[in-house]
Amino acid sequence: MTQQYPLQTLASCRAGEPPEQLLAGKAMDSALARASGFALGPGDRVRLTLAGDDGLVTGLYVVGPDGSIVLPGTGRVPVQGLDEMAAGNAVFAALRQRAMVRGERTFLDLRLDESAGVWVQVGGAVFDPGRVRAGERSAEALAARGQGNPSGDENPMRTLAGALRAAGGLRPDADVSRIYLVRGAQWTRIDLLGLLTGGEARDVIVQAGDRIFVPSTGCFDARLVRPSAVTAPGIRVYMSNLTRPAASNASSAIGKETTSLPYGTRFLQGLVDMNCVGGSAMNKNRRAVLISRNPMNGQSIAIQRNIEDLVRGADRDARDPYLMPGDALACYDSGLSNVQDVVSLLGNVAGVAATTIILEGASN
């Protein structure tokens, strides 16, 4: 299939592999990564309740940037990377060391009150690699969640899939069955293909400081060009339609909503969206250009199509590429329209010349 970056020129698809230095640590079973559950990180809010306490220790605490909470009369207690039970044990041990509690551990209860987004590193075959926030929630969502003072919290986007979407989503050449997760001195390989096909797949809760790498297969996979749990729900493209009868983008009804398209939109669908298809027979040879960039090597690519041929051709699917984030579309007038413009221009010039002659004669 012809795409805006010619992956079909590669000899064959290959199993993606990460950089060697990324796997310098010890391999970990993927089942252990999935079973690790939720771990506290910076920005999380926990509710601490101590039986018999008059308010000295009981209350809400926010995990600081250093991964610890600050208790009155106790100081900082590191809790990053710990689940609720382990964090409660750490707090109880710190309080007992200061002789602030007696009795059994059951007198102290620590529960997650609100989970925040965490910083993770994402690299490889994603559209926006770099440091991203997985599980970040808007102020409106947090305000709605706080109604009724609920106990506990769930952040469905603080996962491996959520981190991939925060990084722009997987590219069409991503190896979705071999995604590498590095946590501290350990690493594991995760298969998320089931999130695309509807098969069995278990996502992984990410922790602050995790590193994720998505290898490239070197081949275009159409299954990845649609909204999903690991791809972008939509894309933004640039459009220009200055053809007749439309004389400007405004008259072509091109706005913010028009240029925001669902992921998986094809070239021809984008042309229809920008009012570049149809009209009088004079426009049947109208042309369109798609300007894109190969995300694998950064090379800029321009593709030109005759719009009528694209509409009527039985092989349109092979010549109708998918649109990618940041692509640009432009429409050009047909040759007949250009001739009409030339004739109109000559007519205007002749009219101006005749008017000038009349005015000069009248003045004499």
Side-chain angles (χ1 to χ4, degrees), residues 5 7 10-42 66-67 78 80-83 86 117-136 155 157-197 199-221 223-224 228-232 294-298:
Y5 48 99
L7 296 182
L10 298 177
S12 61
C13 301
R14 60 182 182 272
E17 294 295 341
E20 293 183 2
Q21 62 271 21
L22 194 69
L23 306 184
K26 181 181 179 181
M28 174 178 57
D29 192 323
S30 61
L32 295 178
R34 293 187 175 95
S36 60
F38 185 89
L40 296 175
D66 62 348
Q80 180 173 332
L82 305 179
D83 59 16
V118 293
W119 288 107
V120 297
Q121 291 282 351
V122 183
V126 292
F127 282 109
D128 298 313
R131 192 167 180 249
V132 301
R133 293 278 289 182
E136 190 73 359
N155 191 336
M157 296 304 293
R158 189 162 153 173
T159 61
L160 179 57
L164 295 175
R165 293 190 70 174
L170 295 179
R171 297 192 322 230
D173 59 300
D175 190 348
V176 68
S177 63
R178 298 164 62 89
I179 299 175
Y180 290 85
L181 172 66
V182 181
R183 179 170 297 164
Q186 295 182 307
W187 64 270
T188 188
R189 192 168 58 204
I190 307 295
D191 182 358
L192 293 182
L193 182 60
L195 296 181
L196 285 167
T197 62
E200 182 179 359
R202 293 183 58 191
D203 207 350
V204 179
I205 298 175
V206 295
Q207 301 180 13
D210 281 354
R211 289 176 292 165
I212 301 166
F213 185 84
V214 184
S216 171
T217 63
C219 290
F220 187 93
D221 188 348
R223 294 177 300 178
L224 292 171
S228 72
V230 290
T231 56
N294 186 334
M296 297 177 62
N297 57 25

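Each residue takes its place number in the sequence, starting with 1.
Within the 4.5 Å cutoff, side-chain heavy atoms of Asn155 are placed close to those of Met157. Side-chain contact between Trp119 and Arg133 is present, with at least one heavy-atom pair separated by less than 4.5 Å. Side-chain contact between Arg171 and Leu224 is absent, with no heavy-atom pair separated by less than 4.5 Å. Side-chain contact between Leu193 and Arg223 is present, with at least one heavy-atom pair separated by less than 4.5 Å.
Nearest heavy atom pair, residue Val182 against residue Trp187, reads CG2-CB, 4.0 Å. Among all heavy-atom pairs drawn from Gln207 and Gly81, the shortest one is OE1-CA, 4.2 Å. Annotation for Val120 and Ala163: closest pair CG2-CB, 3.9 Å, computed over non-hydrogen atoms. In terms of heavy-atom proximity, Val230 sits nearest to Ala161 at CG1-CB, 3.9 Å. Between Asp191 and Ser177 the shortest heavy-atom distance is OD1-CA, 3.2 Å. Contact detail for Val132 and Ala166: the closest heavy-atom pair is CG1-O, 3.8 Å.
The only member of Val126, Asp175, Asp173 that meets side-chain contact (heavy atoms from CB on, under 4.5 Å) when paired with Val214 is Val126.
Atom OH of Tyr180 is separated from atom CG of Leu23 by 6.5 Å, given to the nearest 0.5 angstrom. Met28 contributes atom CE, which lies 6.0 Å from atom CG of Leu181 (distance to the nearest 0.5 angstrom). Put simply, CD on Gln121 and CZ on Arg211 are 8.5 Å apart, with the number rounded to the nearest 0.5 Å. Atom CZ of residue Arg202 and atom CG of residue Leu192 lie 12.0 Å apart, to the nearest 0.5 angstrom. In this structure, CD1 on Ile212 lies 8.5 Å from CD1 on Ile179, to the nearest 0.5 angstrom. A distance of 10.5 Å separates CZ of Arg165 from CG of Leu170, quoted to the nearest 0.5 Å.
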